[in-house]
Amino acid sequence: MSMLLKSIPAADGFRMPGEHEAQDEIWIAWPERSDNWRNGGKSAQKTFIDVAEAIAEVTPVTMAVSADQYDNARSRLSDKIRVVEMTTDDAWMRDIAPSYVINTQGERRGVDWEFNAWGGLVDGLYFPWDKDDQVASKICEVMRNDRYRAPIVLEGGSIHVDGEGTLYTTEECLLHPSRNPDLSKEEIEQVLKDHLSIEKVIWIKNGLYNDETNGHVDNLIHVVKPGEVVLSWCNDENDPQYAISQAAYKTLTNETDAQGRQIKVHKVHIPGPLFITEEEAQGIDSCDGMEREAGERLAGSYANFLITNQRIILPLLDPKYDDDAKAVLQQAFPGYDIVGVPAREILLGGGNIHCITQQIPAVA
Ligand code: KQY
């Protein structure tokens, strides 16, 4: 049973933990949408399986799958992975699953944001999105966790928290006219504070170049732990990413976090630049919302990794930069196991490993 609560999470004593804290489970959704994934999802499914199996060695995984694809997914995933039938509009669990909050009494609740497919009728990527919008409440039902319905449009990939009162986001996304045009920056901050027990919001101006999510923060940075982040970097002054990363670095290093700490930044160079090939573009059905032309720049980033119980699941995207990315992360996460998964097929859909996963935090 899952109850819809009318109170405010922070007032109830609940906070959102950081991704570096202990997790009970990871949720993923199975890709099959043929106007986003090439070859009707067949190529991406292989990568989603690799990601799921790499996670399942350390954290239980649940895969949400449509009725049509249930047999296919069940037979291709190992017995370690729980497969549940759940309808979605696509496969971006980071954005459609609840953001979980916990208290010190060992309780866990879901925060269910309004979802509008990254921009609704203004610049959203598909219509309709009602099945995606129901996913957070369905997960709370399956997990038997009570739920708050938050009063703003927000995707999980547009925020990062450190679990100690700091939230990182971008102005490009949260202040975009396609999300909450009637709310001021201060009003949005207040909703975040009320729902996640945040004390300070660090606003980075822009997300990664040409990111179709309107600049999700999870494609630009990743929180390592309180006071430390990984930032997507670019050395080429002629690349539009150069100025974006420089500006983000300035913001991060001029700020202190909620606890007054200076923020340590680990720079990780972006792959590529990477572009959709002719062959890849041909495998994708055309649609109104998503640009999938040959030659389109892909928003490739190594910051889009998942932290799960002392393991990092890192997207491998470019032989020229993969080893460097791994080395930066190994230094940022001493004692963690860094597992690389070739992830171009996820990138072709518009995101990466962080975007397709959502953690359910452990409770004491
Ligand atoms: O970045 C994410 N969190 C999701 C990417 C969605 C892309 C939809 N095609």
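Everything numeric in this text was worked out from a predicted model, so none of it was measured. Residue numbers count from 1 along this sequence. Ligands are counted one by one from 1 in listed order, and the atoms in each one are counted from 1 as well.
- For the atom pair CD1 of Ile55 and CD1 of Ile28, the computed distance is 4.0 Å after rounding to the nearest 0.5 Å.
- Heavy atoms of Leu125 approach ligand 1 to within less than 4.0 angstrom.
- Here's the thing with Asn304: none of its N/O atoms is less than 3.5 angstrom from an N/O atom of ligand 1.
- Ionic pairing of Glu164 and Arg15 is not present here: no N-O contact between side-chain nitrogen and carboxylate oxygen is shorter than 4.0 angstrom.
- Set against the non-hydrogen atoms of Asn36, the atoms of ligand 1 under 4.0 Å away are 9 (N).
- The closest approach between a heavy atom of Trp118 and any atom of ligand 1 is below 4.0 Å.
- Among protein heavy atoms, atom 1 (O) of ligand 1 sits closest to Cys355 SG, 2.8 Å.
- Side-chain contact check for Ser158 and Glu155: no donor-acceptor pair (N or O, by modelled atom type) lies under 3.5 Å.
- Those atoms of ligand 1 that come under 4.0 Å of a heavy atom in Glu212, given as number and element, are 7 (C), 8 (C), 9 (N).
- Ring orientation note: the planes of Trp37 and Phe48 are nearly perpendicular, at an angle over 60° on the 30°/60° scale.
- The CG atom of Leu192 sits 7.5 Å away from atom OG1 of Thr169, with the distance rounded to the nearest 0.5 Å.
- Close approach to Arg292 involves these atoms of ligand 1, each under 4.0 Å from a residue heavy atom: 9 (N).
- When hydrogens are left out, the protein atom nearest atom 4 (C) of ligand 1 is Asp95 OD2, 3.1 Å; that is the closest non-hydrogen contact.
- Figure legend: Arg109 and Tyr100 shown without cation-pi pairing, the cationic atom not lying both under 6.0 angstrom from the six-membered ring centre and within 45 degrees of its axis.
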